[in-house]
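Quick notes on the structure that follows.
Side chains are part of it too, since the values below use all heavy atoms of this structure and drop only hydrogens, waters and symmetry mates. Chain A is the first sequence line, chain B the second, and so forth, proteins listed ahead of strands; every chain is numbered from 1.
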Amino acid sequence: MKLFEIVDKPIEVEQVIAKVESRKAGAITTFTGVVREWTKGKRTLFLEYQAYVPMAEKMLAKIGDEIQRKWPGTIVAISHRIGRLDISDIAVVIAVSSPHRRAAYEANEYAIERIKQMVPIWKKEHWENGEAWIGDQLENVPYPDGKPNIAEGDMK
Amino acid sequence: MKLFEIVDKPIEVEQVIAKVESRKAGAITTFTGVVREWTKGKRTLFLEYQAYVPMAEKMLAKIGDEIQRKWPGTIVAISHRIGRLDISDIAVVIAVSSPHRRAAYEANEYAIERIKQMVPIWKKEHWENGEAWIGDQLENVPYPDGKPNIAEGDMK
Amino acid sequence: MIKILLFAQLQEEFGVKDIEINLMETTVSQLKEILKANFKFPSLDHCMVAINEEYAMDFDTVQSGDTVAFIPPVSGG
Amino acid sequence: MIKILLFAQLQEEFGVKDIEINLMETTVSQLKEILKANFKFPSLDHCMVAINEEYAMDFDTVQSGDTVAFIPPVSGG
C-alpha cells in the first residue's frame with residue numbers, strides 16, 4: 001500500500017480513506033480536487049496533467065513527514081492523477097485521519113497548499129479557443145528569491 | 001435524494017460525496033467522524049447514538065442553509081447514523097463541494113461545529129466499567145444564558 | 001393535551017420516551033416548574049426545549065396540541 | 001554526462017523530454033547560462049531546478065552522472 005502516489009487511472013476516494021483508517025482515529029478529512037468546467041468565465045474542455053513522477057512521489061511523502069511532525073498522531077495519504085482528465089474527474093485526493101478533528105482539517109489544508117507550492121506536477125488547460133500550461137505560483141507572486149518555499153513554512 | 005439525513009444503517013462516504021458533485025465544483029471536502037477506541041486513556045467498547053430524528057434532520061438542513069448564505073456556491077450534504085456503533089464505524093459524514101477550496105474547508109468545519117452545538121443527537125459511551133450519556137457542551141462551557149447558540153454565530 | 005418527548009439520560013431516568021399531560025396554555029418555564037414539582041427530573045435544568053421541533057426560549061408559549069421536547073446537551077458528530 | 005529533464009511548456013518549447021550533455025562539474029547557475037547560450041529556452045528563468053529529485057539552489061554543484069530537472073511553476077492539485 002502506497003500512501004503517496006501518482007497514478008494514471010481514476011482515483012477512488014474510499015480507497016484513499018482506507019489507507020488512513022485507524023482505531024485511534026476519531027476524524028477523517030478528505031480533500032478531492034476535481035476538474036471544474038468554468039474558471040473566471042472561461043470554459044475548460046479538459047485538462048492534461050504531467051508529473052515528474054519519482055520526484056513528485058518523494059515530495060508528497062515529504063509533505064506527509066512535515067504533517068506528522070506538525071500534527072503528531074495524524075496519518076496522511078495522497079493520490080494524484082496524471083494524463084487527460086475530463087470535467088468532474090478527480091485530480092487529487094488527500095485523506096487525513098487524526099484522533100481529533102481540528103488537526104484533521106488543518107493538516108489536510110496544509111497538504112493541498114504544499115502540493116501547490118512544491119510538487120512537480122503541471123496542468124495544461126484546454127479551452128475552446130486555446131490551451132496553456134498553468135503555473136499556479138506565477139499567477140500569484142513570483143518566488144521572492146527565485147525559489148519556491150521549499151522549507152516548511154506557514155501557509156499563505 | 002436527501003441531502004440531510006439521519007440513518008440507522010452504515011454510511012458510505014462515496015454516496016454522500018455523490019450528492020454534492022457538480023460541474024461547477026473544483027473542490028470537495030469531507031469530514032468523517034468515526035468511533036475512536038481511546039479517549040483520554042479510557043477505552044470505548046462501543047457507542048450508542050440516539051436522535052430526535054425529524055428535528056435533527058431539520059436542524060441539519062438549517063446548517064445547510066446557513067452555509068449557503070455564508071459561502072455562496074457551496075453544496076452541502078450530511079448523513080448522521082444512529083443506533084449501536086462499534087470502533088471505527090462511521091457516525092457522521094459531511095460533504096461540501098465548492099468552486100474553490102477555501103470555502104469547502106471552512107464550510108465543512110463550520111458544519112461539524114454547528115452539529116455539535118445544536119443538532120439533537122446524543123451519544124452514549126460504553127466503557128469496560130460503565131456507561132454514560134455524553135454532553136459535549138457540558139464538557140465545555142455551560143450555555144451562558146441557559147441556551148445553546150441557536151442563532152448563527154462565529155465558530156468557537 | 002401537550003406531548004412531552006424525552007431523550008438520552010432523561011429518557012432513562014424517567015423510563016419512558018414520552019408523556020402526555022393535560023394543560024392549558026403555559027410558558028416553557030412554567031411547564032418546567034410543573035414537571036419538576038410532579039416528577040423526579042434531576043437533569044431538566046440542563047436541557048434545552050424545543051416546541052414542535054424548533055428551539056424555544058423560557059418565555060415562549062406552549063399550548064394544547066404542541067409537542068415539547070426536552071433536549072439534554074447534545075453530542076452528535 | 002549530465003542528464004537534463006524537461007517538463008510542461010519547456011518540453012513543448014524544446015520538443016524533447018530530455019537531453020544529455022557532456023560537462024564536468026559545474027553549478028546550477030552556470031548550467032543555466034550554458035543552456036541559455038546554446039538553446040532557445042525562453043521559460044528557463046522561471047524554473048526551479050532539481051538535482052537527482054531534490055530541489056537545488058543556484059550555487060549547488062552538478063556533476064557527471066547527475067540528473068537535472070527544470071521545473072516550471074507547478075500547478076498540481
Exercise. Which salt bridge (Lys or Arg N to Asp or Glu O under 4.0 Å) pairs, counting each pair once, include a residue from residues 43-52 of chain A, with sequence neighbours left out?
Worked result: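 For residues 43-52 of chain A, and leaving out neighbouring residues, the salt bridge (Lys or Arg N to Asp or Glu O under 4.0 Å) pairs sorted by first residue read A/Glu37-A/Arg43, A/Arg43-A/Glu128.
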Do you know which of [options] has the most heavy-atom pairs with chain A at a distance under 4.5 angstrom?
options: B/Val35, B/Val92, B/Val96, B/Val34; result: B/Val34
options: B/Glu12, B/His100, B/Glu14, B/Arg102; result: B/Glu14
options: B/Glu21, B/Arg101, B/Lys24; result: B/Arg101

Exercise. Hey, which of A/Ala104, A/Pro99, A/Ala25 has the most heavy atom pairs under 4.5 Å with chain B?
Worked result: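 Greatest number of close heavy-atom pairs with chain B: A/Ala25.
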For this session: Decide yes or no for A/Ile112 and B/Tyr105: does some side-chain heavy atom of the first lie under 4.5 Å from some side-chain heavy atom of the second?
Result: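 Yes, side chains in contact.
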Exercise. Can you check whether A/Arg23 reaches B/Arg36 side chain to side chain, under 4.5 Å on heavy atoms?
Worked result: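 Side-chain contact under 4.5 Å: no.
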For this session: Select one option (side chain, backbone, both, neither) describing which atoms of B/Ser97 are under 4.5 Å from chain A's heavy atoms.
Result: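 The answer is neither part of B/Ser97.
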Exercise. Could you walk me through whether A/Glu106 and B/Glu109 pass the side-chain contact (heavy atoms from CB on, under 4.5 Å) check?
Worked result: CA-CA 10 Å; A/Glu106 286 179 359; B/Glu109 192 165 6; over 6 Å; no
For this session: Just do the side-chain contact (heavy atoms from CB on, under 4.5 Å) check on A/Ile17 and B/Val13 with the steps written out, would you?
Result: CA-CA 9 Å; A/Ile17 290 177; B/Val13 181; 3.8 Å; yes
Exercise. If you round to the nearest 0.5 Å, how far is CD1 of B/Ile28 from OG of A/Ser88?
Worked result: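 If I round to the nearest 0.5 Å, the distance is 8.0 Å.
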Exercise. In this structure, which one of B/Thr30, B/Asn108, B/Thr32 forms a side-chain hydrogen bond (donor to acceptor under 3.5 Å, both in side chains) with A/Thr30?
Worked result: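 That would be B/Thr30.
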